[in-house]
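Okay, so here's the structure we're looking at.
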Amino acid sequence: MKFGDTYTEFLHKEEVRFSEKCSHVEYKRLKKVLKTCQSCKTLQETSTADQQEGAANQNKQLCQCQSCPACDQAFFTELMKEVSDIALCFSLRVRHLLHLHVATGMQRYLLRLRQCFMNDQQAMVEKGRMLIEYVTMNAIAIRKILKKYDKVHSSENGKIFKSKMRAEHIELLQSPWLIELGAFSLNLHGSDGEGLNELSGHFSCDLDATPPIMTLMLPDSLKMEYDLTCAVCLETVFNPYALSCGHLFCKSCACSAASVFIFQGPKSAALDAKCPICREAGVYAKAVHMLELDLLLKIRCKDYWKERYTAERAEILKQSKEFWDLQAKYAVY
């Protein structure tokens with residue numbers, strides 16, 4: 001089955017499975033634009049100089065190699081909006097699902113009480129699988145349509161657009177929420193590669209590798225690998241946070257780099273605080289606490305997790321004492 005048919009079938013299933021309307025890539029419409037563009041190029045190459053002069057207005061609409069205003073408008077303006085909407089929709093849906101799984105306090109108590117009467121773990125597994133399928137199918141559609149764009153126009157504008165998506169942190173397969181969703185799937189199934197289908201692929205995790213990685217295998221043998229090493233301490237991330245630039249750090253390392261106390265958290269960093277890797281400013285305000293990834297480490301690396309937990313608690317107590325000593329000095333003076 002061609003990808004276009006597979007994608008159409010996926011969209012039909014989406015309408016049935018989800019009550020709320022979500023954004024999608026207009027794959028078939030954009031592909032039709034490319035076919036029209038290809039036809040225009042053929043007509044242009046076979047037209048004579050006299051015909052071109054007599055139909056100047058029409059020729060303005062014809063495609064030029066590496067430059068096609070009509071296609072640029074259809075692809076790089078509309079597609080950017082679609083990708084932004086998909087990224088936002090995906091993050092909101094994942095956040096809602098994971099909040100139910102890793103709830104704390106009174107909400108956690110109420111959920112545990114509810115599970116005495118109703119076990120909705122299977123429903124959560126199914127929602128997680130659908131969200132992985134949602135983001136991967138749209139990501140594959142984007143990759144295929146941009147590859148086709150470059151082929152038709154003999155350009156690299158599609159590759160440039162991919163770089164722009166990464167720069168604006170809306171590249172779907174690099175989303176920290178996808179890593180969280182992968183950890184969520186592994187936590188519920190207990191083993192790698194189960195529960196997902198041929199459309200969404202499957203997650204696996206090797207925490208003993210160097211570096212430790214989480215892997216997402218997609219259709220067409222496409223493989224995404226996510227390095228779980230903190231770039232500051234060079235250890236497997238503990239109590240991890242993803243900054244809005246996408247880079248993962250231990251909470252203590254992120255706080256140290258931003259010159260804030262661990263108990264204050266990365267979000268308390270100054271607005272101009274920079275990522276230790278890419279040096280981008282303003283990436284702490286929307287940091288994502290990777291609770292599912294931390295739970296995965298707690299389950300699979302118990303000794304390591306306990307060791308890091310003990311060390312972090314000791315550091316927090318030390319910093320808390322320093323903080324209150326400073327507050328006392330300020331109060332005296």
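Keep in mind it's a predicted model, so treat the numbers as computed, not measured.
Side-chain atoms of Gln174 do not come within 3.5 Å of backbone N or O of His169 as any donor-acceptor pair. Asp227 places no side-chain N or O within donor-acceptor distance of the main-chain N or O of Pro211, the cut-off being under 3.5 Å. Tyr304 places a side-chain N or O within donor-acceptor distance of the main-chain N or O of Thr236, the cut-off being under 3.5 Å. When atom types are taken as modelled, the side chain of Glu180 and the backbone of Leu291 share a donor-acceptor pair closer than 3.5 angstrom. No donor-acceptor pair under 3.5 Å is formed between the side chain of Ser175 and the backbone N or O of Leu172. Although no hydrogens or angles enter the test, the distance criterion places no donor-acceptor pair under 3.5 Å between the side chain of Asp272 and the main chain of Ala281. Between the side chain of Ser256 and the backbone N or O of Ser252, no donor-acceptor pair lies under 3.5 Å. When atom types are taken as modelled, the side chain of Tyr284 and the backbone of Ala254 share a donor-acceptor pair closer than 3.5 angstrom.
Here the CG atom belonging to Leu79 is positioned 8.5 Å from the CD1 atom belonging to Ile145, to the nearest 0.5 angstrom. Atom CZ in Arg143 sits 11.5 Å away from atom CZ in Phe3 (nearest 0.5 Å). Here Lys306 contributes atom NZ and Lys298 contributes atom NZ; the two are 9.0 Å apart, rounded to the nearest 0.5 Å. With values rounded to the nearest 0.5 angstrom, Ser185 atom OG is found 10.5 Å from His202 atom NE2. Atom NZ in Lys162 sits 8.5 Å away from atom CD in Glu171 (nearest 0.5 Å). The CZ atom of Phe238 sits 10.5 Å away from atom CD of Glu307, with the distance rounded to the nearest 0.5 Å.
The salt bridge (charged side-chain N to carboxylate O under 4.0 Å, His left out) check on Asp85 picks up Lys81, with sequence neighbours excluded.
Shortest non-hydrogen contact noted between Ala183 and Met214 is N-CE, 3.9 Å. The two residues Glu133 and Lys13 have their closest heavy-atom pair at OE2-NZ, 3.6 Å. For Phe249 against Val237, the heavy-atom pair with the smallest separation is C-CG1, 4.1 Å. Counting all heavy atoms, side chain and backbone alike, Gln264 lies closest to Phe261 at OE1-N, 2.9 Å. Residues Leu188 and Val125 come closest through the heavy atom pair CD1-CG2, 3.6 Å. When all heavy atoms of Gln319 and Ile262 are compared, the closest pair comes out as OE1-N, 2.8 Å.
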**Report entry** Pair Phe184-Met124, side chain to side chain contact (heavy atoms under 4.5 Å, CB included): steps then yes or no
**Finding:** CA-CA 10 Å; Phe184 167 80; Met124 295 178 71; 4.0 Å; yes
Requested in this report: Check step by step if side chain to side chain donor-acceptor pair (under 3.5 Å) holds for Asn138 and Tyr27.
Outcome: CA-CA 9 Å; Asn138 279 286; Tyr27 180 77; over 6 Å; no
Report task. Take Tyr241 and Met290 through the test side chain to side chain contact (heavy atoms under 4.5 Å, CB included) and record every step on the way to the result. Result -> CA-CA 6 Å; Tyr241 272 78; Met290 311 288 279; 5.7 Å; no
Requested in this report: Please test Thr136 against Leu216 for side chain to side chain contact (heavy atoms under 4.5 Å, CB included), starting from the C-alpha separation and ending with a verdict.
Outcome: CA-CA 10 Å; Thr136 54; Leu216 171 60; 4.1 Å; yes
Requested in this report: Determine, stepwise, if the pair Ile170 / Met80 fulfils side chain to side chain contact (heavy atoms under 4.5 Å, CB included).
Outcome: CA-CA 9 Å; Ile170 57 173; Met80 179 60 77; 3.2 Å; yes
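Val232 is not connected to Leu297 by any chain of hydrophobic side-chain contacts under 4.5 Å among Ile, Leu, Val, Met, Phe, Trp and Tyr, and they are in different clusters. Residues Leu173 and Phe90 share a hydrophobic cluster, clusters being chains of Ile/Leu/Val/Met/Phe/Trp/Tyr side chains in contact below 4.5 Å. With hydrophobic clusters built from ILVMFWY side chains whose heavy atoms lie under 4.5 angstrom apart, Leu88 does not share a cluster with Met137.
By the 4.5 Å heavy-atom criterion applied to side chains, Pro240 and Lys251 are not counted as neighbours.
Between Trp305 and Tyr309, the ring planes lie parallel to each other; the angle is under 30°, not in the 30° to 60° tilted range.
The aromatic ring centroids of Phe76 and Phe161 lie less than 6.0 Å from each other. Two rings, from Phe263 and Phe323, have their centers less than 6.0 Å apart.
Of the listed residues (Leu11, Ile142, Ile140), just one forms a side chain to side chain contact (heavy atoms under 4.5 Å, CB included) with Val25, and that residue is Ile142.
A salt bridge is defined here as a Lys NZ or Arg NE, NH1 or NH2 lying under 4.0 Å from an Asp or Glu carboxylate O, and Arg29 with Glu78 meets this definition. With salt bridges taken as basic N to acidic carboxylate O contacts below 4.0 Å, one links Lys223 and Glu225.
With hydrogens and angles left out, the side-chain atoms of His289 and Asp294 include no donor and acceptor closer than 3.5 Å.
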